[in-house]
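Notes follow the structure.
Chain letters run A, B, ... following the sequence lines, proteins first and then strands; every chain starts at 1.
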There are 2 protein chains.
Amino acid sequence: MDIDTRLLRYFVAVAEEGNLTHAARRLFVSQPALTKQIKQLETQLGTALFTRSRSGMTLTEPGRALAERAPALLAGWDQILRETKAAASRAARVLRVGFVASGANEATQPIVAEFSRRRPGWRAQMRQASWANPSAGLSDGEADVALVRLPFPGQDTLRVTPLFTEPRCVALAAAHPLATRDVIPFRDLWDEPFVAAPAESGPWRDYWLAADEREGHPVRIGAVTDQPDDWLNAIANGYGIALAPESAARFYARPGVVYRPVTGVSPSRAAVAWTPADDDNPVVRDFANCCLEVGSSGCTVAL
Amino acid sequence: MDIDTRLLRYFVAVAEEGNLTHAARRLFVSQPALTKQIKQLETQLGTALFTRSRSGMTLTEPGRALAERAPALLAGWDQILRETKAAASRAARVLRVGFVASGANEATQPIVAEFSRRRPGWRAQMRQASWANPSAGLSDGEADVALVRLPFPGQDTLRVTPLFTEPRCVALAAAHPLATRDVIPFRDLWDEPFVAAPAESGPWRDYWLAADEREGHPVRIGAVTDQPDDWLNAIANGYGIALAPESAARFYARPGVVYRPVTGVSPSRAAVAWTPADDDNPVVRDFANCCLEVGSSGCTVAL
DNA sequence: CGATGTCCATGCCGCCAGGTTATGGAGGCG
DNA sequence: CGCCTCCATAACCTGGCGGCATGGACATCG
């Protein structure tokens, strides 16, 4: 009997939620669609997987048997997918470089140029990741190497080489009262609403809210964004302010948004990262070396 | 990205055959359908999996990566399917009893009756297996316990308890010259064409061709069948003759087919079998005990 | 050199599975 | 008693999959 992984994901979602309606919302499908799919799965297997009641869907015994194994199968497929895509990019002589906005900013172009020089025939394919994914696609296998900002969740399982540090500044609406100040002590920003990254990004989000430099003072969240354009809009609209690397002032200049130096927050560290599985991958090593070289020459100037 | 296991099976088939046309035949689909499916898989993955040429389809590097892992994934799904179905039958208090035609013949009904007595509330669901599958569904998880004839392929990995032995006779067309004889020495049948089981059944097929009792004399195959009705038709039509357990004379009597005793072939051994995983399954053990009890009383009379 | 055979690709069509919206029915709850 | 929650059903639409027929490229052979 054949099955679509989509159907399995549907099943797992319903099993986890114990509720068709919630699972449907989580899966971005309508509830009747889920009803039909689950029913069809039960028909194909010739057994009931759930017992229905007004309070939701409870797994039956065979349902539990399936629910125990299905996640591993889905993970297995994801893994295969990652490996196949990695092989595809290798075969096409493409290095997939993930980066989060502000990853290396000015350094990015020289790094790619140096890489092209050192690896003729290869192409660095830049892939911007959302802030919901601050490993820039490394942890989900969408990138071979990544330009990131530390700290980020999952960095312990990856190889991380620091490149340079850079002071953090604050981005605020041009109309903001503090926008006229030349330098702002971070303490003066404690009560300001902040434009934050999505919750999934964990320590990364906390770092850009400077949670450690607030001496316990709580954070006010004015908006949540996961990409630069939303972020700039939110700031320009006055939904909140945000910390950013100094280079953002040049890289993400925009009418209505001003950047001001801040005292009392640690500088941001940029790094290049890759998977342990790629420790012996000469192309990845070359890219990392390009990063180090450029970081120690051109970029210090930019700072 | 989601995928249907059917699509993966298609891919694996093409990878193994190295040829769309042959793979299509093996999968019982048309060649254009396969062409489209493979092309779609490549589109979804964003990479070529095969290089096409007049001589067929050769795996690319990413194709090889996928082809290495896909079979394990498919096997994993099959395994999950087996376990889920097993759980389903357990939950429904159904014991799935596989049998090959002639499995236990007369003994079958008393066994089931005894099982119903010993396990009220449970139901023995009989499932006849084709001769292409002489473990009667045990090895593919479609049965919890099986009534079989020894030897059969894969029996070493299963628990097998012999029940009784029974002489083998020969089934031939009523019009066959030898049909008038009372008892036939097997040697007289060496040059007759035989109606055989499919090749997959390996040692089982050989046993019913009495390969060991021919002193090296080659077998002539007149027809290949995988179920009793085809088998009886083939014999009645004179395509060949075949060995069968004595009880087949009563169980598979049919106009145009006669059964005669044969000397010089070993008797057939009937057995009950189950999976090692079910060693501790009390229902399976009960069924096996029912088989032993009935085999040692009622069936000896039948013989 | 043309005939033939073997590959894979393409075009066209019918059908079904999966999705959506709207609605119904059955219980819990304030 | 009205309302909310949750699952099931109905009606409808669309896209994907499969089938057949056919085309195009190339090798082989008489």
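- For Gln44(A) and dG18(C), the CD to C1' distance is 13 Å, given to the nearest whole Å.
- Within the 4.0 angstrom heavy-atom criterion, no nucleotide atom of any strand lies near Phe50(B).
- In this structure, Arg6(B) places its CZ atom 12 Å from P of dA17(C), rounding to the nearest Å.
- In this structure, Arg9(A) places its CZ atom 14 Å from P of dG18(C), rounding to the nearest Å.
- Annotation: of the two residues near DNA chain D, Leu20(A) and Gln40(B), the 5′-most nearest-nucleotide partner is Leu20(A).
- In this structure, CD of Gln37(B) is placed 10 Å from P of dG19(D), rounded to the nearest angstrom.
- Between the CZ atom of Arg25(A) and the P atom of dG19(C) there is a distance of 17 Å, rounded to whole Å.
- Whole-Å rounding puts the Glu17(A) CD to dC6(D) P distance at 11 Å.
- Under the 3.5 Å distance criterion, the side-chain polar atoms of Thr275(A) are left unmatched by any main-chain donor or acceptor of Ala277(A).
- In the interface, the side chain of Gln31(B) is paired with the base of dA9(C) through a donor and an acceptor atom under 3.5 Å apart.
- By the 6.0 Å and 45° rule, Arg6(B) stacks over the aromatic ring of Tyr10(B).
- Using a 4.0 Å heavy-atom cutoff across all strands shown, Lys36(A) reaches at least one base atom of the nucleic acid.
- Atom-to-atom, CG of Asp2(A) to P of dA17(C) comes out at 14 Å; the value is rounded to the nearest Å.
- Thr21(A) comes within 4.0 angstrom of the backbone, heavy atoms only, and of no base.
- Between Ala136(B) and Phe99(B) the shortest heavy-atom distance is CB-N, 3.6 Å.
- Using a cutoff of 4.0 Å between basic side-chain nitrogens and carboxylate oxygens, Glu200(A) and Arg205(A) are not scored as salt-bridged.
- Comparing dT10(C), dG19(C), dT9(D) by their closest approach to the side chain of Tyr10(A) singles out dG19(C).
- At dA27(D), one or more side-chain N or O atoms of Arg54(B) fall inside 4.0 Å of OP1 or OP2 (strictly under the cut-off).
- Within the structure, a side-chain polar atom (N or O) of Thr35(B) is placed less than 4.0 Å from OP1 or OP2 of dA9(C).
- Between Ser30(A) and the phosphate of dG19(C), there is no side-chain N or O to OP1/OP2 separation shorter than 4.0 Å.
- The shortest distance between the side-chain N/O atoms of Arg52(B) and the OP1/OP2 oxygens of dC7(C) is not below 4.0 Å.
- In this structure, Asp4(A) places its CG atom 18 Å from P of dG15(D), rounding to the nearest Å.
- Using a 4.0 Å heavy-atom distance criterion, Ala33(A) is classed as a base contact.
- Between the side chain of Thr60(A) and the backbone N or O of Leu49(A), at least one donor-acceptor pair lies under 3.5 Å.
- Between Asn19(B) and the phosphate of dC8(C), there is a side-chain N or O to OP1/OP2 separation shorter than 4.0 Å.
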